[in-house]
Protein chains: 2
Amino acid sequence: MIDGMTDTAGAARDPDTVSRFVEHFAAQLVEAGMPRMPARVFAALLASDSGTLTSAELGEQLKISPAAVSGAVRYLAQVHLVSREREPGSRRERYRVRNDQWYEALTNREAIIKRWEDALREGVVSLGPDTPAGRRLTETLAFFEFLEGELDTLMDRWRVRRDELFGPG
Amino acid sequence: MIDGMTDTAGAARDPDTVSRFVEHFAAQLVEAGMPRMPARVFAALLASDSGTLTSAELGEQLKISPAAVSGAVRYLAQVHLVSREREPGSRRERYRVRNDQWYEALTNREAIIKRWEDALREGVVSLGPDTPAGRRLTETLAFFEFLEGELDTLMDRWRVRRDELFGPG
DNA sequence: CCTTAACTTCACAAATTTCTGAAGTAAGCG
DNA sequence: CGCTTACTTCAGAAATTTGTGAAGTTAAGG
């Protein structure tokens, strides 16, 4: 046993090891389009045992200013990837990632899909429904409408699957 | 009938009207994370009757340089949203959006999902599978694996639905 | 094989985004 | 009621991204 490692059931939470995962996973999120700071904050929360961290803890762990934490958390709350909780009897705030909310958020691109649909409907009218371009937009629109319906039932199936794998919740 | 409008079956392709749709739809794509020029080029292709445009046509319509067209098209080809075709017996190239390839590409985030999964697997090992954080990552990983399988069958169902709506082939 | 057309690559200028320090605001605590 | 702590907002510096002009590359056509 190496000095300084705690002998828990799992691996020790070596800060360097944790940090490496956090940065690696954050990099994937960035590649998928998420801004850097939100990605890092989100990854840090994912990697925390409690699933919650305070602003100060995030700032220290990621070596970023309170302002950066504030901005990142606002972004994440807006897209429903984290929730903010006030610690009762304290002005300290805790940011939490819940196991389910994070994939809910992923499928909740619904607002975005809705706006795509609106733009496409406008396009069908503008270009004329009987033109080749109009027909292409009509088909694209139909696909998004189909997708919207599928996402709901997909999440239902996931919950069933999750209960199979990990037991009801 | 207004002067200058051609009396086709659909609406006339008034350049301003087309442009308004192109820019509006492109804006939605940008909001969803696509870089500006690729979004505009893609929207222009979607709105074209033939589904194909040359570099020169794109440059003129969108008022951008050949270099910008080149960069945008490279991006779009990389994510499989357009294909490039060489006009036989000419050094002119045509960029095409096919009706199906575009939603295939949307679901073909598979490469991205795969890398997320890799990062998560690494994380489970790093943090320890029996820690709360490790269990959270395990569940997240299971969700992505589930999603991967669902996407295939979802596309199958779409093709059936499309044939219902628009007829086969 | 030389000319020319069409696209690509490169270096740089411009615009945008990102992150910080500093000042501001709100809320617990004495 | 004022002090202090914790977060937020704001202005600006720094870094990144974006799009252009210009030079480079490839291939058709005489």
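Every chain is numbered from 1 and lettered A, B, ... according to where its sequence line falls, protein lines coming before strand lines.
Between A/Glu85 and the options A/Arg96, A/Arg92, A/Arg94, a side chain to side chain donor-acceptor pair (under 3.5 Å) holds for only A/Arg96.
Qualifying salt bridge (charged side-chain N to carboxylate O under 4.0 Å, His left out) partners for A/Arg20, counting only residues two or more places apart in sequence or in other chains: none. Partners of A/Asp163 under the salt bridge (charged side-chain N to carboxylate O under 4.0 Å, His left out) rule, at least two apart in sequence or in another chain, do not exist in this structure. Residues satisfying the side-chain hydrogen bond (donor to acceptor under 3.5 Å, both in side chains) test with B/Gln101, not counting sequence neighbours, are none.
Taking Ile, Leu, Val, Met, Phe, Trp and Tyr as members and joining any whose side-chain heavy atoms lie under 4.5 Å apart, directly or through other members, the hydrophobic cluster of B/Leu165 also contains B/Phe166.
Here chain A contacts DNA chain C (any atom closer than 4.0 Å to a heavy atom, that is under 4.0 Å), and the contacts span C/dC19 to C/dC29 from 5' to 3'.
If you check every strand for non-hydrogen atoms under 4.0 Å, B/Arg84 touches sugar and phosphate atoms only.
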message: How would you summarise protein contacts on nucleotides 9-30 of chain D per nucleotide, using B for base, S for sugar-phosphate only and - for none, with heavy-atom distances below 4.0 Å?
response: B---------SBB------BS-
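Counting heavy-atom neighbours within 6.0 Å of B/Gln78 CD, excluding the residue itself, gives a total of 12 or less.
Taking the six-membered ring where the residue is Trp, B/Trp158 and A/Phe146 present tilted rings, their angle falling between 30° and 60°.
Within the 4.5 Å cutoff, the side chain of A/Arg136 has heavy atoms near those of the B/Leu46 side chain.
For the pair A/Leu53 CG and D/dC7 P, the computed distance is 12 Å after rounding to whole Å.
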